[in-house]
Structure formats: C-alpha cells, structure tokens
**Student:** 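This is the structure, below, for whatever I ask next.
Chain naming here is simple, since letters A, B, ... match the order of the sequence lines and numbering starts at 1 in each. Just so you know, these numbers come straight off a predicted model, no measurement behind them.
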There are 2 protein chains.
Amino acid sequence: MFDGDQGLLYYNASKMYLFGQSMQLKKYTDYGLRILMYLASFEADENCAEPKLATIREICDTFGLSANHVNKVVHHLGRLELIETRRGKNGGFLLAKKPEDISLAFVIRQLEGDEKWIECENPYCVALPACELKGIVARGKELFYDYLSQYSLKSLMVKAPQLRQIFSTAS
Amino acid sequence: MFDGDQGLLYYNASKMYLFGQSMQLKKYTDYGLRILMYLASFEADENCAEPKLATIREICDTFGLSANHVNKVVHHLGRLELIETRRGKNGGFLLAKKPEDISLAFVIRQLEGDEKWIECENPYCVALPACELKGIVARGKELFYDYLSQYSLKSLMVKAPQLRQIFSTAS
DNA sequence: TATAAAACGCATTATGAATGCATGTTTGAT
DNA sequence: ATCAAACATGCATTCATAATGCGTTTTATA
C-alpha cells in the first residue's frame, strides 16, 4: 500500500513538491568545500614550486557560482584561518595549512553552524523534562562528526590529477 | 581571534541572525515523534485495559500546536501504518504496533524524507566525476541512521510515568 | 596613480516549511 | 434519518532564511 507512492509527494499534494531541504548541507558549506578542493588541487601539483593564488572570479568561473556568495565563504574561510587571503592587485587566497591538517569535520561544523539537530525549547515542548529523544539525536549528530573527523581535505584529493584537469578546462 | 565571536553572527552581519536551520529535523518530523510518544504513554499504562484513542485536538492542546500541521502528520503516520486512524464520531488514532517495533530510524527517515545530505547535481558541480565528498557524506548519513536504528519508540518511554503525568496535566 | 583584488554593508529574491481555511467524507449517537 | 464529531483533502497564505545582487570601501601592487 505504501511503497507505491513512496517519494512521490511529500505531504502537500497541491504543490507536488518532492522532499524538502532539511537535513542537507547548505550550499554555503558546499561552496566552502569546493573552494578548498580547488586550492588543494594546486597544492598537489608538484610542478608548481610556489602555490598559485586563486581569486574569487576564478572560482566563480570554474564552478558557475555567484561572486557574492563565494565572497562571503572565502571571507569566512579566512577568519577560520584555513586559507590566507591577500588583498590588492595580484591578490587572492591560498591554503593556510596542509590539506591533511584540514579536518572535514571542522570545516563542515564551522560553515554549517553547530546548532542542535532537534529543537526542544523555543518553542518549549512540554515533554522536555522526561524526553529521551534530544540525547539520542545529539549523540547521533556527534557520531556523524566523529566519522567525518577521520577525513581531511587530503582525503578529497584522491583523484587530484583528474580534478586539476577538470578545473583547468572548466571555463 | 576567532573564538570570541563564535556563534554570534553567521555571515550576514546586517540581519544579525544566528545559525540557520539546515541540518536540523523539521518540526514536521518532531511533531510526528511527539505524537507517537503521546500514544505510547497510553500503551504503557497497565491500568488501561484497552488503549485510549487520541484526537488531533487533544494533541494540539497538549503540545500547543496548530491543528492543520498536526493533521497532516497524523495522516502521514497513518499511511506509514504506524498508527491506526478511525474516522467519525468517537474516532481518533492509536498505535498500530508495539512501541518496541517502531524504529526511530524508520520514523525519522520517512517523515524527514530520505534525500541526500549533499547535492552534486541540480545544479551540476564540475568536480562530480572526481569528487570523494559525496561518498563520505552519504556514508556519514547512513551511520547516523544505523545508530538510530538501535532505538525504538519504547526507548523514548523510559520515563513513561512522568510523561503520562505531564501529558495529563498540560492543558 | 591606476588598477585589481578582497572586505563590508545593505537590499532583494527565491525557496520551502509552516500555517490557515474551507470543504469533503466517514461513523457513531440520538 | 439526522446530527455531530472526528479524520481526509486541497488550496492559499505567511514566514523564515538561504541565496543572491549591488555598490562602496579598503588594501596592495605594478
């Protein structure tokens, strides 16, 4: 009875929209990870003695993103001291650490924000004092980040040559 | 340098809003879990020979929620065959299974929707063919649900007497 | 001094969850 | 039979906020 319409409509039939966006990384976070991968692809190129600087324009052209949003992510990554930004002519930014020292758990946690995955107050839920759910979900969230902490930016560079090729040919 | 303003403002200083809502269960899902807990609290009462029916009005009064939203969640829980709904006068709904047979992983996955936690296509990301991230995040998501699958609705009823007391006194 | 880059602030748009409202349908009680 | 109380259904609206757009400021370098 149920499997047939699985995934078809969510709960508002009039709009016929598919599943929502919750429990998904924000584009903001996604962009941050792409920027780091882009920078790491330079790093991994032994032919380059000193790592090239990237610019926001370059990132936007490569990934087809809007400059403004990327602007904010780059600034955030700079504040997190994951990248070093340089103003002025011939400026840009580059990785401030080695890829293996940039933890995916840290990056995602910071860019995504670190709020609870379930909200019990605001508005307040009467069951709160006797509710086990908040603890269970909170532990699940930590397991997710524990798992991510096994990986670093370097883990994303397994196919570095292919990435470099993609990035260099993408308009 | 960074710890000081941690959590203060997110990335849009003008609005000064705190962290966003992504990577958080929807209220919809949350309401579903509360409804199940409410029903399970009847079940756990040995004084009741046949389990009492709950109504949407009752749930809304207890938790202070809007009838329409709860309406939809109840309907969804019915379609999932987690509760049995009865129309008509003296109607209502009750658990269709024993609390220990209602997996939290299943409930959350179904109510939340089961989409990927990271979106690589739509719009398409050039890095997709050589990107390791999607696999890592997908595995993390599965770990989260694997963990949740250890728990059932019964796991949420550890403090059943206290919950019953809360529910009966809440207007 | 001109130019190219990031930094910053504010305004606007787009999306979708959350809610509201009206009506239909079923069922038990009177 | 009729009424009333419950869920079922469809559509419209509101609200939060991520995503974007735009203009200006600051900084550094050629």
Side-chain angles (χ1 to χ4, degrees), chain A residues 9-32 35 52-60 63-79 83-94 111-113 115 119 122-123, chain B residues 9-32 35 52-60 63-79 83-94 111-113 115 119 122-123:
Chain A
L9 65 135
Y10 162 45
Y11 66 91
N12 184 328
S14 66
K15 288 280 211 69
M16 283 299 267
Y17 48 61
L18 301 186
F19 294 129
Q21 297 282 56
S22 290
M23 290 304 287
Q24 196 170 49
L25 294 185
K26 287 180 288 195
K27 286 189 183 178
Y28 183 80
T29 305
D30 189 6
Y31 293 175
I35 292 165
K52 190 161 92 68
L53 289 189
T55 67
I56 289 174
R57 171 176 304 276
E58 207 177 305
I59 301 275
C60 294
F63 291 100
L65 305 177
S66 98
N68 296 283
H69 213 199
V70 171
N71 196 331
K72 279 150 193 156
V73 182
V74 166
H75 180 59
H76 197 165
L77 291 174
R79 287 202 303 134
I83 66 176
E84 180 191 328
T85 62
R86 294 200 193 140
R87 290 176 156 202
K89 193 164 184 177
N90 295 334
F93 42 90
L94 75 168
L111 296 188
E112 193 64 20
E115 81 281 2
E119 180 59 61
N122 194 10
Chain B
L9 65 137
Y10 163 44
Y11 66 90
N12 184 329
S14 66
K15 288 279 211 71
M16 284 296 269
Y17 49 58
L18 302 186
F19 293 128
Q21 298 281 55
S22 290
M23 291 302 287
Q24 195 170 49
L25 296 184
K26 288 181 286 196
K27 286 190 183 180
Y28 184 80
T29 305
D30 189 6
Y31 293 177
I35 292 165
K52 191 160 92 67
L53 290 189
T55 67
I56 289 174
R57 171 176 302 277
E58 206 177 306
I59 299 275
C60 293
F63 290 100
L65 305 177
S66 99
N68 295 285
H69 213 199
V70 171
N71 195 334
K72 279 147 192 158
V73 182
V74 166
H75 179 59
H76 197 163
L77 291 174
R79 286 201 305 135
I83 65 176
E84 180 192 328
T85 60
R86 294 199 192 142
R87 290 177 154 201
K89 194 163 185 175
N90 296 334
F93 42 89
L94 74 168
L111 296 187
E112 193 65 20
E115 81 281 4
E119 181 58 61
N122 194 10

**Student:** Give a yes/no answer on whether the side chain of A:Tyr31 brings an N or O atom under 4.0 Å of OP1 or OP2 in D:dA18.
**Tutor:** no
**Student:** Determine, step by step, whether A:Leu77 and A:Thr85 satisfy the side chain to side chain contact (heavy atoms under 4.5 Å, CB included) criterion, reporting the C-alpha distance in whole Å, the side-chain angles of both residues, the deciding distance to 0.1 Å, and the verdict.
**Tutor:** CA-CA 9 Å; A:Leu77 291 174; A:Thr85 62; over 6 Å; no
**Student:** Let's test your reading of the model: under 3.5 Å, does the base of D:dT20 pair with the side chain of A:Lys72 as donor and acceptor?
**Tutor:**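 For A:Lys72, whose side chain was compared with the base of D:dT20, there is a donor-acceptor pair (under 3.5 Å).
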**Student:** Please pick, from D:dA8, C:dA18, C:dT3, the nucleotide with the shortest atom-to-atom distance to any side-chain atom of A:Lys89.
**Tutor:** C:dT3
**Student:** Closer than 4.0 Å, any side-chain N/O of B:His75 to the OP1 or OP2 of D:dC7?
**Tutor:**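 For D:dC7, OP1/OP2 do not have a side-chain N/O of B:His75 under 4.0 Å.
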**Student:** Check the distance between D:dA5's P and B:Phe93's CZ and give it to me in whole angstrom.
**Tutor:** 17 Å
**Student:** Return the nearest nucleotide to the side chain of A:Thr55; candidates are D:dC7, C:dA6, D:dG21.
**Tutor:**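 Among D:dC7, C:dA6, D:dG21, the one nearest the side chain of A:Thr55 is C:dA6.
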**Student:** Could you walk me through whether A:Ile56 and A:Phe93 pass side chain to side chain contact (heavy atoms under 4.5 Å, CB included), step by step?
**Tutor:** CA-CA 9 Å; A:Ile56 289 174; A:Phe93 42 90; 3.7 Å; yes
**Student:** May I ask you to say what A:Asn90 touches in the nucleic acid, namely base, sugar-phosphate or nothing, with a heavy-atom cut-off under 4.0 Å?
**Tutor:** sugar-phosphate
**Student:** Within less than 4.0 Å of OP1 or OP2 of D:dA8, is there a side-chain N or O belonging to B:Thr85?
**Tutor:**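 Result: yes.
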**Student:** Can you tell me if B:Ser66 touches the phosphate of C:dA18, counting only side-chain N or O atoms and a distance under 4.0 Å to OP1 or OP2?
**Tutor:** no
**Student:** Using atom NE2 of B:His76 as one end and atom C1' of D:dA8 as the other, report the distance to the nearest whole Å.
**Tutor:** 15 Å
**Student:** Within this structure, what is the CD1-to-C1' distance between B:Ile83 and D:dC7, rounded to whole angstrom?
**Tutor:**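 Distance, rounded to whole Å: 10 Å.
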**Student:** Please report, rounded to the nearest Å, how far the C1' atom of C:dT27 is from the CZ atom of B:Arg87.
**Tutor:** 9 Å
**Student:** Apply side chain to side chain contact (heavy atoms under 4.5 Å, CB included) to B:Leu94 and B:Arg86, showing your working.
**Tutor:** CA-CA 9 Å; B:Leu94 74 168; B:Arg86 294 199 192 142; 4.2 Å; yes
**Student:** Using side chain to side chain contact (heavy atoms under 4.5 Å, CB included), reason through A:Leu25 and A:Asp30 one step at a time and then give a plain yes or no.
**Tutor:** CA-CA 7 Å; A:Leu25 294 185; A:Asp30 189 6; 5.5 Å; no
**Student:** Can you tell me how far P of D:dA6 sits from CD of B:Glu58, to the nearest Å?
**Tutor:** 9 Å
**Student:** Please give, in whole Å, the distance from D:dC15 P to B:Lys27 NZ?
**Tutor:** 13 Å
**Student:** Please find the pair of heavy atoms, one from A:Glu119 and one from A:Asn122, that lie closest to each other, and give the distance.
**Tutor:**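 Residues A:Glu119 and A:Asn122, closest heavy atoms: CG-O, 3.6 Å.
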**Student:** Quick check for you: among D:dA19, D:dT9, C:dA18, whose closest atom lies nearest to any side-chain atom of B:Lys26?
**Tutor:**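 Looking only at heavy atoms from C-beta outward on B:Lys26, the closest nucleotide is C:dA18.
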**Student:** Reading DNA chain C from 5' onward, which residue's closest nucleotide shows up sooner: B:Gly88 or A:Arg57?
**Tutor:** A:Arg57
**Student:** To the nearest angstrom, how far is B:Asp30 atom CG from C:dA17 atom P?
**Tutor:** 15 Å
**Student:** Within this structure, what is the CG-to-P distance between B:Asn71 and C:dT25, rounded to whole angstrom?
**Tutor:**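 Roughly 16 Å, once rounded to whole Å.
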